[in-house]
Amino acid sequence: MDNILVWTMISILVMVGLVSVVGIISIYLERKVSAFMQDRLGPMEVGFGSLANAIIGKKTFKEGRIGLAQSLADGLKLLQKEDIVPKGADVFLFKLAPMIVFGGTFAAFAALPLAEYFVPADINIGLFYILAISSFGVTGILMAGWASNNKWGLLGALRSTAQMVSYEIPIGVSLISIVMICGTLSLKEMVLAQSGWFWNWHLFGAISHNGAIGIVLLPVMFINFLIYFTCSLAETNRAPFDIPEAESELVAGYHTEYTGMRFAIFFLAEYGAIFVGNAIAVTLFLGGWNSGIPMLDEANIPGIAPLIFITKVFVLIFVVMWVRWTLPRLRVDQLMNLCWKYLIPFTLFTFFYVTIYKVFLT
Amino acid sequence: MVPADFVFLILATLIVACGFVVVFHSKIIYSAFALLFSFFGVGGIYILLNADFLAGTQLIVYVGGISVLILFGILLTKKIYNLTTEETSTQKIIGGATSLAFLGALAALIFNTDWQIVTTTQEFTPQTLEIGKAFMGNFILPFELAAILLLVALIGAVIIGRDEKKEEI
Amino acid sequence: MEHKIETDFMIINMGPQHPSTHGVLRLELKTDGEIVMACRPFLGYLHRCFEKHCESLDYLKIIPFTDRMDYLASMNNNWAFCIAIEKLMGIKVSEKCEYLRVIVGELNRIASHIIAFGTFGLDIGAFTPFLLAFIQREKIFDLLEEASGARMLYNYIWVGGVARDVDGDWLKKTKKFCQEFKPALDEVDELLSLNKIFVERTANVGVVTKEMAISYGFTGPNLRGSGVNWDLRKNEPYSLYTKFDFNIPVGAGEQGQVGDCWDRYIIRIRECRESIKIIEQALEGISLEGDIYETVPKNFNKMPKGEVYARSETPRGEMGIYVVSEGGKAPVPYRVKVRSPAFCSLSILEEICKGVMISDVIAILGSVDIVLGEVDR
Amino acid sequence: MTPEEIFDKLKEKFGEGKILRLTLPSQNGFDVCDPFIDVEPLAMTELADFLKHDKDLAFDQCCCISGVDLKDDLQVVYHLFSMSKLHKICIKATAKRDNPIVGTTAHTWGVANWLERETWDMFGIKFKDHPDHRRILLEEDWEGFPLRKDYKFPRFWRGMEVTPEEEEGTYGTQD
């Protein structure tokens, strides 16, 4: 019993660390990636040295070269900001909302299989759990939009909810195909099933499950992956589906009225959600912690499995950012059209295809 | 006291407290949010009872679906610039009598049931497989009927929604 | 049994502090969910009494004030005002000055169009084209700074001439810029113009028909976007525009209907290319001989009595300057009225923003390309 | 069409009482001016309608509407242009200062709506039957009409000091 408690505590601590580190790294990456795409430099000045100097009061700011400590400095700045609650706001709900949004994201982190020996909560229905718990964030967003007594906030919250509720359907259906192939909802087992060469990954038809015949799954799995990726963009309110917080339309959507740390928490939660979304993609389609080359996995280098996992996730996050800085934003009705008229029929088709395959070819 | 009892106490408190808020709070939006947390607590109880799939379903359907729908309804009907949308209770006597009668019935039920107390903590066994087998085996007919019902409801909703729009134009 | 469902409209204030009202414009939107039922613009947040100031300033001292009207195209504003005064005084400007005016005017037109389509992309949600185009705008500003001494508010074009001479080096730099600009513009064009999402968002949105456009005083790129082949540089040529060979891009409804947001957007991209053509020809034609102050009047003591209405093509359309002079020794104009193109274009907003979505209002506003400094004056 | 032809055509249609006179450059004491026609202010609405819809005139573009303070009178100046016929004319409607009313042209040209509102805002010239007769650039409750020559800038507005005491009287006055 004690062992479990200790282990749980350690896992929780690691995950808290992971969430904040992921947030900080993602924000830094976002700035650098966008700068790279727009022919700019991005943050350049704030290195760890100059940040430390600024904290102790020295006035030298020339130590950084690539601005590594920029997001840390931003976090420090946001911490010191005044916590403003608008006059007409519902104070209790206004303050509760960011916590719920963050809680929803953070709870999803618990089931991520970082490595075979490190799954903080190895739940039998891991995938189902993540899908369920991330819907909790929606209520936080609604709460934030309503409680801040701002019409833009309310519009943003309503948009966000409609969007998330709709896009949960194609996500669910596209993931069910994988579940059918694996025959399990446990994320850990799904990853284990993809060990070995990279063609064992579900994206390439999961040869390990089915032998060479699995190759017929390749096209639908690509479609499935694309659909899942698109939907996860929408679920996490990223461009081109960032209409709930479209800064040129709704100012900032549901977090218009938030300042300081509460705003930062929304941001952390957002980047956390992006991490979770892409982590699921990596787990289900891209082989999780497997490197795709058996020799490397068998070498048993300590700590390499989580590293591979996180690297893969960040590669996907880079794609997310790439998409954001390239594409314009859709309109609300076009967003709904895309979901109901294109994505859902396509997922149903892949679902059907996989069913046929499962019933007749295995 | 084992940890499970402790967790149960927390969850039970959450459910009951939120239930009180649902009933007694004057602002309807608070009631809706409290209902949501109440659902959430129920999901927790399911987990304690080793019903993992049920807990997940509870979260997806009630927390992610129904509560959001209720909230949506409230947000769309009540004016945002009027935060004091308060509900008052009328017919206090009839309401009180009904609830007292209901309480009595529940209490009778509780005290008359022969509760079997399991003393050992059961080993956690996955439920999903069994549920799946049950759905596709013995209970295939109700399952399919429910599916058809939902489909009909969905199509009906689409038709109703579409008609209204035509009138507008 | 009949159900009467009562719905309530939500009144939203878009602005004066809003990211996409391009300054301090306030739109009062009456919305039914996401649909805008009525849109009422409220102006005046940037009103700086330009016309009142003019009545107490010397003719030359007004020129810096014109800079501050359309602060994105100050050169063209200077120019418009100078054309009016020159018409009033009957001054014929020397050819060298006219060439310089054309070059800086067209450079500033490009800079202004860059803002126009860049911020339009920004309104639609595309961030990158905006910043890529901004790099080119910086180069233009460097050139104009070298010519005039200022980056945005130039006070460069004077009555009868220009303020400073340029040297051959500047001409070479300008030429180099023209060559560099074309591929850069192509890049933005590729990134944005035919992007599926961008086309979906802008085509068939905010359609302004030919008749409406003319009636509501659309001018410049907006009018041409509605399919009217009208450009003062061609149809009522002033300065040296008869000498140059350039085309007038006209909206043709390539992606949707004629006169939609996409048409108004693509006109600006194409106009940039035409402007480059004009600049290149002007760079060929200009000779550095001659005194730029040759035709600058020594004083304004003998102003004729009368009034003129002079119009010229600024990036936002046709800017008309109506000047009434008392004549004699009065050193200040009796009345100056500016017909601001953005003001006139904005007046259509009330009309075409009915029944569109909130996101479309943003798209329409962005495509009309207003500068509040000029709207409010 | 030349200004003379336009003048004759208008005179034929509306008569002497409404179409007053034509001024060509270097007439009536002007050194420089665009040819303009003085008209009766209240006739402006029907006049505008005719100017736009007559086949020969076809003034489809209303370039500019400006107010001018003539000290005794207030004047509204319309600069019109025809994109199809490529001719232009300037119409002037002069109204009495104590009760300046001009017929609106907002129903004819869409842009006239705002331009007339601006003229009302700055000169206090009323436009008869204007659909949306409000101030446009200034606040609804602003007092006075700033571009009139006798306008004095207010010291206070809504309790805020808008003109410092030492500068009082230096704004808004000619001479």
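Proteins come first, then strands; the chains are lettered A, B, ... in the order of their sequence lines, and each starts at number 1.
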- Message: Between Leu147(D) and Lys52(C), is the side-chain contact (heavy atoms from CB on, under 4.5 Å) condition met? List the steps.
- Response: CA-CA 6 Å; Leu147(D) 279 179; Lys52(C) 189 74 183 169; 3.8 Å; yes
- Take Glu139(D) and Phe42(C) through the test side-chain contact (heavy atoms from CB on, under 4.5 Å) and record every step on the way to the result. CA-CA 10 Å; Glu139(D) 282 293 327; Phe42(C) 287 81; over 6 Å; no
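Neither the backbone nor the side chain of Val338(C) comes within contact range of chain D; no heavy atoms are under 4.5 Å apart. With a 4.5 angstrom heavy-atom cutoff, Leu138(D) touches chain C only via side-chain atoms. For a residue to count as touching a neighbouring chain, one of its non-hydrogen atoms must lie under 4.5 Å from one of that chain's; by this rule Leu46(C) does not touch chain D. Neither the backbone nor the side chain of Ser340(C) comes within contact range of chain D; no heavy atoms are under 4.5 Å apart. Neither the backbone nor the side chain of Arg135(D) comes within less than 4.5 Å of any heavy atom in chain C. Neither the backbone nor the side chain of Phe59(D) comes within contact range of chain C; no heavy atom of the residue lies under 4.5 Å from a heavy atom of that chain. Within the 4.5 angstrom heavy-atom criterion, no atom of Ile321(C) approaches chain D.
Here the side chain of Arg339(C) pairs a donor or acceptor atom with the backbone of Cys63(D) at under 3.5 angstrom. Listed for the Tyr322(C) side chain is no donor-acceptor partner under 3.5 Å among the backbone atoms of His79(D).
Looking at heavy atoms from C-beta onward, Glu211(C) lies out of side-chain contact with Asp60(D) at the 4.5 angstrom threshold. Residues Phe343(C) and Ile136(D) are in side-chain contact: their nearest non-hydrogen atoms beyond the backbone lie under 4.5 Å apart. Between Phe81(D) and Glu318(C), every side-chain heavy-atom pair lies at or beyond the 4.5 Å cut-off. For the pair Lys337(C) and Val68(D), the minimum side-chain heavy-atom distance is 4.5 Å or more.
Other residues, nucleotides and ligands place more than 12 heavy atoms under 6.0 Å from the CD atom of Glu140(D). Within a 6.0 Å radius of CD in Glu161(D), more than 12 heavy atoms belonging to other residues, nucleotides or ligands are found. Counting heavy atoms of neighbouring residues, nucleotides and ligands inside a 6.0 Å radius, atom NZ of Lys87(C) exceeds 12 of them.
Nearest heavy atom pair, residue Glu350(C) against residue Asp132(D), reads OE2-OD2, 4.1 Å. A pairwise comparison of heavy atoms in Tyr334(C) and Lys71(D) identifies OH-CG, 3.5 Å as the closest pair.
Interface summary for chain C: among Lys88(D), Lys92(D), Lys52(D), the most heavy-atom pairs under 4.5 angstrom belong to Lys92(D). Between chain D and the options Ser215(C), Cys344(C), Gly44(C), heavy-atom pairs under 4.5 Å are most frequent for Ser215(C).
Against chain D, the residues from residues 230-238 of chain C that qualify, each with a non-hydrogen atom under 4.5 angstrom away, are Trp230(C), Glu236(C) in number order. Close approach to chain C, defined as a heavy atom under 4.5 Å from one of its heavy atoms, is seen in Trp109(D), Gly110(D), Val111(D), Trp114(D), Leu115(D), Glu118(D), Met122(D), Phe123(D) of residues 109-127 of chain D, taken by number. Residues of residues 44-51 of chain D never come closer than 4.5 Å to chain C when only heavy atoms are counted. Interface residues of residues 305-312 of chain C toward chain D, defined by a heavy-atom distance below 4.5 Å and sorted by number: Lys305(C), Gly306(C), Glu307(C), Val308(C), Tyr309(C), Arg311(C).
A distance of 10.0 Å separates CE of Met83(D) from CG of Asn229(C), quoted to the nearest 0.5 Å.
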